[in-house]
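One structure is given below, encoded as structure tokens.
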Protein chains: 2
Amino acid sequence: MLWKTDCVVEGVHFLRSHEPERVGWKALSRAVSDIAAMGGAPGDALVTIFSPPDVSADYWDRFYAGLTRAATLHGIGIAGGEISRHPSTIAASIALTGTVPRGGGIRRGGGRPGDVLCVTGRLGGSLAGHHLDFVPRLREGQWLAASGAATAMMDLSDGLASDIPRLAAASRCGFVIDPAKLPLNPGCTPANALRDGEDFELLVAIDPVAVASLREAWQEQFPDTPLTPIGSLTEPDAGQPLDERGWDHFQIP
Amino acid sequence: MLWKTDCVVEGVHFLRSHEPERVGWKALSRAVSDIAAMGGAPGDALVTIFSPPDVSADYWDRFYAGLTRAATLHGIGIAGGEISRHPSTIAASIALTGTVPRGGGIRRGGGRPGDVLCVTGRLGGSLAGHHLDFVPRLREGQWLAASGAATAMMDLSDGLASDIPRLAAASRCGFVIDPAKLPLNPGCTPANALRDGEDFELLVAIDPVAVASLREAWQEQFPDTPLTPIGSLTEPDAGQPLDERGWDHFQIP
């Protein structure tokens with residue numbers, strides 16, 4: 001069983017001017033993305049909403065419309081929740097159950113030196129809109145977990161520069177990446193891929209022996225989505241430093 | 001399986017000046033109280049915290065100290081959670097699992113006309129401090145559920161005047177209560193019991209045939225806590241009106 005909590009806060013994850021449908025979509029999709037990163041399937045959600053006095057019921061109707069659209073897409077049941085007044089700020093917290101085959105979940109800590117680091121999709125520039133409209137990589141995460149070649153996996157919520165060190169540290173490895181290999185969204189530089197965050201793509205460590213055949217099979221399965229090798233895990237003392245101070249640890253060209 | 005989410009928000013459920021340990025204690029205890037009201041036992045918690053820039057890590061250390069003290073008391077595991085920046089306001093949301101024997105959970109909707117409405121403990125004046133320090137009625141809820149005589153149960157979070165109509169409506173019943181019978185905390189009037197809220201006592205509907213023997217057994221089991229009959233459920237068209245406009249529907253002497 002998987003169990004996840006996540007939240008969205010006005011002024012942090014969205015603005016008052018954003019369409020409430022997209023905010024509701026994002027609120028649930030963020031939690032789903034973490035289920036995807038375990039190779040799991042989502043179950044049921046509880047929704048806690050924080051509502052300032054100047055926010056109407058219409059706002060929450062629209063928020064729930066977007067949230068329900070995401071729930072329907074993934075077969076998630078909205079099982080209940082909680083409503084609280086809030087002095088100033090719209091926010092919502094989502095608790096989500098999920099399942100994964102026994103022993104089949106992929107954690108952050110299973111990577112080994114030499115494993116190839118790959119990312120799904122393209123990175124950077126999420127603030128232009130993707131962060132409100134993304135579709136979590138559920139099928140992709142399940143497929144990668146079932147392949148038997150993925151040793152560690154996580155979703156990219158804070159930018160590669162923050163997230164890679166987390167996966168590497170959990171796996172007690174160092175890492176090296178090649179910024180020139182990063183798959184970029186149009187108009188983006190490697191710095192965007194490293195720092196922007198909220199890509200909600202998957203970062204996965206793959207057994208180097210299996211990576212070529214896995215990528216071939218991936219291309220057949222997901223022809224529209226690249227799975228790009230960007231570097232590898234190393235022995236703990238090699239590679240980049242293993243803390244989480246973020247993007248400035250990378251030598252960006 | 002039971003699954004609950006609840007939250008505390010600065011300015012709504014607590015003030016910045018309240019000791020963080022008590023706020024953490026309250027955050028978890030609120031969710032536990034709902035597990036108690038089902039006759040269940042709590043399991044594990046996920047904790048989502050919302051932290052403004054002017055709140056230090058020390059605040060959250062103290063918050064977690066109080067939360068952990070409540071968790072230890074009830075055998076709850078803190079399984080994980082989420083941290084988000086917040087522009088202005090301290091808040092926390094708790095997701096809590098629980099269990100109840102198959103078919104043994106007591107809901108709000110099982111009450112029948114003629115069932116006797118009882119409350120545990122004493123009501124009113126919670127803002128003086130009880131709302132931050134209360135101990136959820138877990139053992140009492142489990143005992144009432146196991147008695148076989150409880151038909152409907154809920155915890156009193158918003159005051160009797162709001163909560164009784166909810167239980168009655170869920171049970172498709174009307175209700176009558178006698179304000180003179182309300183068990184009051186020192187210095188409180190029936191109006192306090194009806195309106196103050198955050199008592200976190202249990203409201204329970206009991207089969208009228210069993211109520212006398214149940215109360216005798218209760219007194220032996222919980223000698224320090226009264227279980228007080230305050231009225232009864234009625235046919236839907238009898239009794240008090242069945243909406244949730246609150247205390248003003250009651251004829252307080």
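Note on naming: letters A, B, ... go to the chains in the order of the sequence lines (proteins, then strands), and numbering restarts at 1 for each one.
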Do A:Met1 and B:Met1 have side chains that get closer than 4.5 Å, going by heavy atoms?
-> yes
Give a yes or no on whether B:Leu15 atom CG has more than 12 heavy-atom contacts from other residues, nucleotides or ligands under 6.0 Å away.
-> yes
Could you walk me through whether B:Thr89 and A:His86 pass the side-chain contact (heavy atoms from CB on, under 4.5 Å) check?
-> CA-CA 9 Å; B:Thr89 309; A:His86 193 285; 3.3 Å; yes
For residues B:Val12 and A:Phe50, determine if any side-chain heavy atom of one lies less than 4.5 Å from a side-chain heavy atom of the other.
-> no
Pick one of side chain, backbone, both or neither for A:Ala31, based on which atoms fall under 4.5 Å of a heavy atom in chain B.
-> neither
Could you tell me which non-hydrogen atom of A:Asp6 sits nearest to which non-hydrogen atom of B:Glu82, and how far apart they are?
-> OD1-OE2, 3.1 Å
Greatest number of heavy atom pairs closer than 4.5 Å to chain A - which of B:Val9, B:Leu46, B:Thr97, B:Ile83 | B:Leu46
Do other residues, nucleotides or ligands put more than 12 heavy atoms under 6.0 Å from the CZ atom of B:Arg85?
-> no
With only heavy atoms counted, which part of B:Leu96 is less than 4.5 Å from chain A, the side chain, the backbone, both or neither?
-> backbone
Which atoms of A:Ser88 come close to chain B, meaning under 4.5 Å heavy atom to heavy atom: side chain ones, backbone ones, both, or neither?
-> side chain
Within 6.0 angstrom of A:Arg107 CZ, more than 12 heavy atoms from elsewhere = no
Tell me, out of A:Ala91, A:Gly80, A:Gly11, A:Pro87, who's got the most heavy-atom pairs with chain B below 4.5 Å.
-> A:Pro87
Chain B heavy atoms under 4.5 Å from A:Ile94: which part of the residue, side chain, backbone, both or neither?
-> neither
Shortest non-hydrogen contact from B:Gly81 to A:Thr5?
-> CA-CG2, 3.6 Å
